[in-house]
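Quick caveat, the model's predicted, so the values are computed rather than measured.
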Amino acid sequence: MSEEDAGLGAWPVVVRVPVEPVEAAMEADAAAAAARYSALAVRGPLFGVAAQDRGQDAGRPWWVVVEVTHGCPQQARDALNSLLWFRAKDEAKSRQERRVLLAAVARLEKEEVDELTVLGTRYRVVRAEEYAAVDEHGGIETPRPTDPEPLTPDWSPGAGARSPRVDDDLVLDPDAPLSPLQAAERVALRPLAYSGPTFPPAVLADSARAVKSHPDVLLMPAAFLIVERTGDGPWSPGSGLQATAHDARRTLDFALTWMEPRTRGLIPHDADRTIDARHPPAGTTEAAAAQLKEYAQAADRLRADRCNEVEAHGIAYRIARSRRLLRWGRRTGTLAPLRHQHPRPCSASPAPRRGRHRLLRRALG
């Protein structure tokens, strides 16, 4: 790969050789995964919001305030709308500060704003590319042994509210030291662009343009989701992203024991919330009980020894390891980061703008 292909390879990537036991184990896991999962599958864009203090014009630090997990830019704007509204409601130190925050909320309700500055903080809607590693048979990478896991898995109701959030307190630092394999992945993905006849010309043009306007990339922490398939069909997403593999397993446990039985009519929709595949309602028919038992057994296998794949009723469910990258630009003639990429012109926002706090905004104002 030439320096031009690598996206101005003269830009330094700081490599830190792992010396601590945990770092060395993580690098060994990464090497084993690279050998087994030798190809990448790109799923598509995700959107969130990053923030920067206005005085930090050198480009650092940016940090994530709305997780980069949303399917379209408008969903990220709506999340920023709520973030600013609750800040006006709960954190404003004066009436004037509250009015400034509510003015930004009102603007987000009326315009497709990708960047705005409020009380000295710059907010920007950012675009990431989601991808996953796959093996020669199309199998998607599962969690690695050194991925974060709770010491004691919590399967209790409401555990999700106590779990870490995706991108929580994440600082975006393109100059942070990387392990050798992380550095290799980052450099290899600099020229990543869409190709092939399945993409509309406008999407291909936007993708090629982004490689030139934002030629560096920043690798975000791994996240986890449920994927599923029937028979030998393709894998398809079955959930949103979760911060840990355990959170994805707990989501799948709930889907198998609570949601799927209701969706398939095995448990009435108006049944008590405590009724699930493990605790069928009174009067369940023998045929329904057998189907519920299969769901419960699959969920029980999921809880045993950090299991990452189960099957029920002909559908295979897998906990998959997802990766994301942000494209990053640099100021001409310097090494100072410019900004991460906006939503592209072809990034559609099927979700309408929502004035979700309009009445309460009037009351606060």
Measure the [atom1]-[atom2] distance between [X] and [Y] for me, rounded to the nearest 0.5 Å.
X	Y	atom1	atom2	result
Glu130	Leu46	CD	CG	4.5 Å
Thr257	Gln297	OG1	CD	13.5 Å
Phe224	Thr142	CZ	OG1	9.5 Å
Leu256	Thr251	CG	OG1	11.0 Å
Tyr123	Gln52	OH	CD	12.0 Å
Leu252	Leu302	CG	CG	5.0 Å

Just wondering, do [Y] and [X] contact through their side chains at under 4.5 Å, heavy atoms?
X	Y	answer
Asp135	His137	yes
Arg262	Ile275	yes
Trp62	Val126	no
Arg77	Glu112	yes
Arg95	Arg99	yes
Arg43	Pro237	yes
Phe47	Arg127	yes
Pro164	Thr244	yes

Can you confirm whether more than 12 heavy atoms, excluding those of [X], are under 6.0 Å from its [atom1] atom?
X	atom1	value
Arg273	CZ	no
Arg165	CZ	no
Asp272	CG	yes
Asp232	CG	no
Asp90	CG	yes
Arg36	CZ	no

Verdict with supporting geometry, Glu23 and Arg16, side chain to side chain contact (heavy atoms under 4.5 Å, CB included): CA-CA 10 Å; Glu23 290 181 328; Arg16 182 188 66 246; 3.2 Å; yes
Taking [X] for the side chain and [Y] for the main chain, is one N or O donor matched with an acceptor at less than 3.5 Å?
X	Y	answer
Arg186	Pro174	yes
Asp173	Asp175	yes
Gln182	Ser179	yes
Ser82	Ala79	no
His313	Glu294	no

Looking at every heavy atom in both [X] and [Y], which two are closest together, and how far apart are they?
X	Y	value
Ala104	Leu116	CB-CD1, 3.8 Å
Ala298	Ala312	CB-CB, 4.0 Å
Leu204	Gly196	CD1-O, 3.9 Å
Ala33	Glu141	CB-OE2, 3.3 Å
Glu311	Arg301	O-NH2, 3.1 Å
Glu228	Gly238	OE1-CA, 4.0 Å

Would you kindly confirm whether [X] and [Y] end up in one hydrophobic cluster when ILVMFWY residues are joined by side chain heavy atoms under 4.5 Å apart?
X	Y	answer
Tyr317	Leu241	no
Ile319	Val166	no
Val227	Val310	no
Ile315	Phe254	no
Met220	Ile140	yes

Could you tell me whether [X] and [Y] make a salt bridge, using a distance below 4.0 angstrom between a side-chain N and a carboxylate O?
X	Y	answer
Arg324	Asp167	yes
Asp147	Arg144	no
Asp253	Arg250	no
Glu149	Arg249	yes
Glu115	Arg124	yes

Asp53/Thr121 under side chain to side chain contact (heavy atoms under 4.5 Å, CB included): CA gap, chis, key distance, verdict: CA-CA 5 Å; Asp53 289 339; Thr121 300; 4.0 Å; yes
Ring-ring centroid check His246 Trp155, cutoff 6.0 Å: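 His246 vs Trp155: aromatic centres under 6.0 Å.
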Between Arg162 and Ser156, a side-chain donor and acceptor under 3.5 Å: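 A donor-acceptor contact under 3.5 Å links the two side chains.
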Geometric class of the Tyr194/Phe199 ring pair [parallel <30°, tilted 30-60°, perpendicular >60°]: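 The rings of Phe199 and Tyr194 lie parallel, inter-plane angle below 30°.
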Test side-chain contact (heavy atoms from CB on, under 4.5 Å) applied to Val105 and Val100, Leu83, Val118, Leu84, the passing residue: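 Passing option: Leu84.
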Verdict with reasoning, Leu40 to Leu192, per side chain to side chain contact (heavy atoms under 4.5 Å, CB included): CA-CA 11 Å; Leu40 297 180; Leu192 177 68; over 6 Å; no
Verdict with reasoning, Val42 to Glu129, per side chain to side chain contact (heavy atoms under 4.5 Å, CB included): CA-CA 7 Å; Val42 178; Glu129 205 71 61; 3.8 Å; yes
